[in-house]
Every structure is written in structure tokens, then in C-alpha cells.
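Positions are given from 1 along the sequence.
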Amino acid sequence: MWTDPLFLLVAAGCAVVAIILIRGIASFGKEGVENAKRSNKYMRWRLIAQFVAIVLILIFVYFRRQGG
């Protein structure tokens with residue numbers, strides 16, 4: 001499975017979502033208007049990254065069910 005490029009792409013997508021989530025949560029703990037704006041920006045990017053990761057997972061499942 002680790003040699004499958006599509007699986008590696010899915011794993012990378014999930015890792016990106018996790019990194020963005022951690023950075024966004026870390027920004028929540030800091031005070032100030034600028035940190036609040038940055039935290040909201042991270043959470044918006046997380047939503048986009050999650051959407052891309054879910055699409056990649058669906059593509060992965062589709063191709064694996066087709067026997068490819």
C-alpha cells in the first residue's frame with residue numbers, strides 16, 4: 001500500500017489537514033485581534049484542505065473497487 005501513489009497522495013492530504021488544524025487550534029490560545037483573524041484564516045484553509053482530502057479519498061476508493 002505504501003508503494004501506491006494514490007494512497008500516498010491521500011495520506012499527504014490528510015497530513016496537511018492535520019497540520020492546518022493544529023496551527024489553527026494553537027492560534028485560538030493566543031489573545032489579540034490579529035491572532036483571532038489568523039485562526040479564522042487557518043480554519044477556512046482547513047475546510048478547503050478537508051474537501052480536497054475527501055475528494056482524494058473518494059477517488060482512491062473508486063479506483064480500488066474497480067480493481068485498479
Side-chain angles (χ1 to χ4, degrees):
M1 192 177 259
W2 288 104
T3 58
D4 184 5
L6 192 54
F7 176 76
L8 294 176
L9 194 59
V10 168
C14 291
V16 167
V17 171
I19 290 168
I20 294 172
L21 177 64
I22 290 168
R23 293 203 56 173
I25 290 173
S27 293
F28 276 134
K30 299 175 184 174
E31 291 187 24
V33 175
E34 190 62 36
N35 286 324
K37 287 180 183 179
R38 185 177 302 125
S39 183
N40 284 336
K41 184 191 295 185
Y42 280 130
M43 291 303 121
R44 274 187 242 120
W45 279 105
R46 181 189 53 87
L47 286 173
I48 294 167
Q50 259 183 292
F51 175 76
V52 171
I54 290 171
V55 169
L56 288 172
I57 290 168
L58 291 174
I59 291 170
F60 176 78
V61 170
Y62 175 77
F63 281 120
R64 293 306 158 250
R65 292 189 90 192
Q66 298 296 323

Sequence neighbours excluded, which residues qualify as side chain to side chain donor-acceptor pair (under 3.5 Å) partners of Arg44?
none

Of all heavy-atom pairs between Val10 and Phe60, which one has the smallest distance, and what is that distance?
CG2-CB, 3.9 Å

Approximate separation, where rounding is to 0.5 Å, of Arg23 CZ and Arg46 CZ:
15.0 Å

Hey, quick one: are Val16 and Leu8 part of the same hydrophobic cluster, counting side-chain heavy atoms closer than 4.5 Å, chains of contacts allowed?
no

Pairs involving residues 2-13, ordered by first then second residue, that meet salt bridge (charged side-chain N to carboxylate O under 4.0 Å, His left out) (sequence neighbours left out)
Asp4-Arg64

Can you name the nearest heavy-atom pair linking Tyr42 to Gly24, along with the distance?
CB-CA, 3.7 Å

Taking Ile57 as the starting point, is it possible to reach Val55 by hopping between hydrophobic residues whose side chains are less than 4.5 Å apart?
yes

Honestly curious: do Trp45 and Ile54 fall in one hydrophobic cluster under the side-chain, below-4.5 Å linking rule?
no

Let me confirm one number: the SG-CG distance from Cys14 to Leu9, rounded to the nearest 0.5 Å.
10.0 Å

Nearest heavy-atom pair of Val17 and Ala53: which atoms, and what distance?
CG2-CB, 4.1 Å

Is Leu47 close to Phe51 at the side-chain level, that is, under 4.5 Å between some pair of heavy atoms?
no

Could you report the tightest heavy-atom contact between Met43 and Leu21, atom names first, then the distance?
CE-O, 4.0 Å

Hphob cluster co-occupancy, Phe63 + Phe7, side-chain heavy atoms under 4.5 angstrom
yes

